[in-house]
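Since we're looking at a predicted model, the values are computed, not measured. Residue indices begin at 1 and follow the sequence shown.
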Amino acid sequence: MQTKNVLPVRITELKELQKGVFSLKVKSHELTENAKCGQFVNVYLDSKKLLLPRPISIADVNGDELRLVFQVVGEGTKAISEMKDGDTIRISTPLGNGYDISSVTKGDKVILFGGGIGVPPLVYLAKTLKRMGADVTCIFGYRDETFLNDELSAMGIDVRVTTDSGRVGYHGNVLEYFIENRLRADYYYACGPRVMLKAVASHLHENGQFVYASMEERMGCGYGACVGCAIDVFDENHDKVRLKVCKDGPVFDSRKVVW
């Protein structure tokens with residue numbers, strides 16, 4: 001079982017980025033010192049009705065500041081969104097296995113595919129890769145309204161936007177944009193709905209490449225005890241096995257996932 005600590009921390013900033021999408025910041029050296037791109041934290045609420053923690057991906061780390069970006073999808077996230085600056089909230093130290101960027105070197109071309117609320121975890125990743133000297137392109141897909149891409153563009157990161165409605169950027173999805181513009185990279189990373197991840201992975205596999213994909217599964221405990229987020233993957237013998245997204249992931253090599 002993965003070791004974790006749960007810390008009471010004060011909210012330094014909580015604001016709505018767009019309807020139903022919120023950015024939350026706290027300061028804690030213990031939360032940030034070992035945080036890796038692609039990991040998540042558990043957020044705990046002081047309510048008998050909301051006993052299970054809410055897993056939220058790490059959107060950014062800046063010194064001792066931890067940033068979470070989440071969408072209101074139920075009672076738990078609604079309760080978090082209604083908190084105020086200065087309120088105390090309980091957050092676990094980072095959990096799960098993040099993106100493998102150990103092989104990326106200066107000048108390597110890297111493409112990040114993000115879909116909807118799958119965009120936030122890629123912000124920290126994009127900034128980290130940029131600081132490493134990689135040539136980073138983000139292809140972010142939204143339904144209609146965008147968020148977070150402007151701050152990456154301000155850092156000089158190449159951000160391409162697609163929307164289902166065509167209201168902003170390219171009218172279509174991230175894979176259609178990728179194919180139409182004949183893009184190619186040395187490394188690929190993705191986070192978003194499973195249907196998007198499957199489409200991106202399938203296309204790359206056909207061309208002898210793969211993507212590190214952060215799987216979105218409903219988590220119960222968040223650290224491997226309840227087995228509620230298990231998915232099918234192939235082991236080294238190409239046999240199907242069940243692994244836990246919270247503990248063995250959330251990031252997986254797309255070639256090992258049973259799509």
Side-chain angles (χ1 to χ4, degrees), residues 4-28 31-32 35 38-62 65-96 114-124 140-151 163-165 167-168 191-197 214-226 228-229 244-246 249-250:
K4 75 177 192 314
N5 294 318
V6 179
L7 307 174
V9 291
R10 290 195 180 277
I11 297 172
T12 58
E13 181 185 86
L14 177 59
K15 64 179 182 180
E16 192 169 20
L17 299 178
Q18 64 150 268
K19 185 173 177 58
V21 177
F22 290 80
S23 172
L24 182 152
K25 294 180 180 179
V26 300
K27 282 192 175 181
S28 168
L31 292 182
T32 61
Q39 287 187 303
F40 67 94
V41 296
N42 272 340
V43 178
Y44 294 81
L45 294 160
D46 295 322
S47 169
K48 292 181 179 179
K49 293 182 179 179
L50 304 169
L51 295 177
L52 291 177
R54 267 53 188 179
I56 301 178
S57 297
I58 296 172
D60 202 4
V61 170
N62 184 14
E65 183 180 77
L66 179 79
R67 183 186 191 188
L68 308 176
V69 174
F70 63 95
Q71 184 173 31
V72 174
V73 293
E75 290 185 43
T77 45
K78 185 175 186 295
I80 299 170
S81 74
E82 293 172 345
M83 298 183 78
K84 307 294 183 185
D85 293 1
D87 285 352
T88 297
I89 191 168
R90 291 184 299 133
I91 300 178
S92 75
T93 47
L95 298 166
I117 202 62
V119 167
L122 299 178
V123 171
Y124 184 27
F140 290 162
Y142 306 88
R143 288 184 180 177
D144 186 54
E145 297 288 338
T146 67
F147 54 92
L148 296 177
N149 53 291
D150 288 345
E151 64 184 70
T163 53
D164 294 342
S165 66
R167 181 175 178 275
V168 182
C191 186
R194 188 182 179 96
V195 63
M196 184 203 86
L197 299 178
S214 181
M215 306 299 292
E216 288 189 350
E217 295 293 328
R218 192 173 185 84
M219 297 180 189
C221 66
Y223 53 90
C226 73
C229 62
K244 303 164 187 174
V245 169
C246 67

Problem - Donor-acceptor under 3.5 Å (Gln39 side chain, Gly96 main chain) - result: yes
Completion exercise
Here the gap from Met215 atom CE to Cys191 atom SG, rounded to the nearest 0.5 Å, amounts to 10.0 Å
Handout entry: Side chain to side chain, Ile89 and Val9, heavy atoms closer than 4.5 Å
Key = yes
Exercise for the section: With the side chain counted from C-beta on, respond yes when Thr77 and Val72 share a heavy-atom pair under 4.5 Å apart, and no when they do not. Expected result: yes
Completion exercise
The ring-ring contact (aromatic ring centres under 6.0 Å, His included) partners of Phe140 (sequence neighbours excluded) come to none
Fill in the blank from the handout: Here the gap from Phe70 atom CZ to Lys78 atom NZ, rounded to the nearest 0.5 Å, amounts to 11.5 Å
Completion exercise
Closest non-hydrogen atoms of Thr146 and Gln18, given as atom of the first, atom of the second and distance, are O-NE2, 3.9 Å
Practice task
Would you give the length of the straight line joining atom CG of Leu122 to atom CG of Leu148, rounded to the nearest 0.5 angstrom?
Solution key: 10.0 Å
Handout entry: Whether Thr32 side chain and Leu66 backbone form a donor-acceptor pair below 3.5 Å
Key = no
Problem - Closest non-hydrogen atom pair, Val26 against Ile11 - result: CG1-CA, 4.0 Å
Practice task
Grab the two heavy atoms, one from Tyr142 and one from Phe147, that are nearest each other, plus how far apart they are.
Solution key: OH-O, 2.7 Å
Practice task
Report the distance from atom CZ of Arg54 to atom OH of Tyr44, rounding to the nearest 0.5 Å.
Solution key: 11.5 Å
Problem - Nearest atoms (heavy-atom pairs only) where Pro193 meets Gly115 - result: CD-O, 3.7 Å
Problem - Single hit among Lys15, Glu13, Arg67, Glu16 for side-chain hydrogen bond (donor to acceptor under 3.5 Å, both in side chains) with Ser23 - result: Arg67
Practice task
Kindly compute the distance separating OG (Ser92) from CG (Leu31), expressed to the nearest 0.5 Å.
Solution key: 7.5 Å
Handout entry: Note, Val119 side chain near Asn149 side chain (heavy atom, < 4.5 Å)
Key = no
Practice task
Spell out, as yes or no, whether a donor-acceptor pair under 3.5 Å connects the side chain of Asp85 to the backbone of Leu14.
Solution key: yes
Fill in the blank from the handout: Heavy-atom closest pair (Val69 atom, Ile117 atom, distance to 0.1 Å) is O-CD1, 4.4 Å
Exercise for the section: Quick one: closest heavy-atom pair of Val61 and Ala35, and the distance? Expected result: CG2-CB, 3.9 Å
Problem - Gap separating the OG1 atom of Thr93 from the CG atom of Asn42, nearest 0.5 angstrom - result: 9.5 Å
Handout entry: salt bridge (Lys or Arg N to Asp or Glu O under 4.0 Å) partners for Arg90, two or more places apart
Key = Asp46
Handout entry: Partner residues of Arg167 under the salt bridge (Lys or Arg N to Asp or Glu O under 4.0 Å) criterion, sequence neighbours left out
Key = Glu145
Problem - Sole residue of Ser214, Pro120, Pro121 in side chain to side chain contact (heavy atoms under 4.5 Å, CB included) with Ser57 - result: Pro121
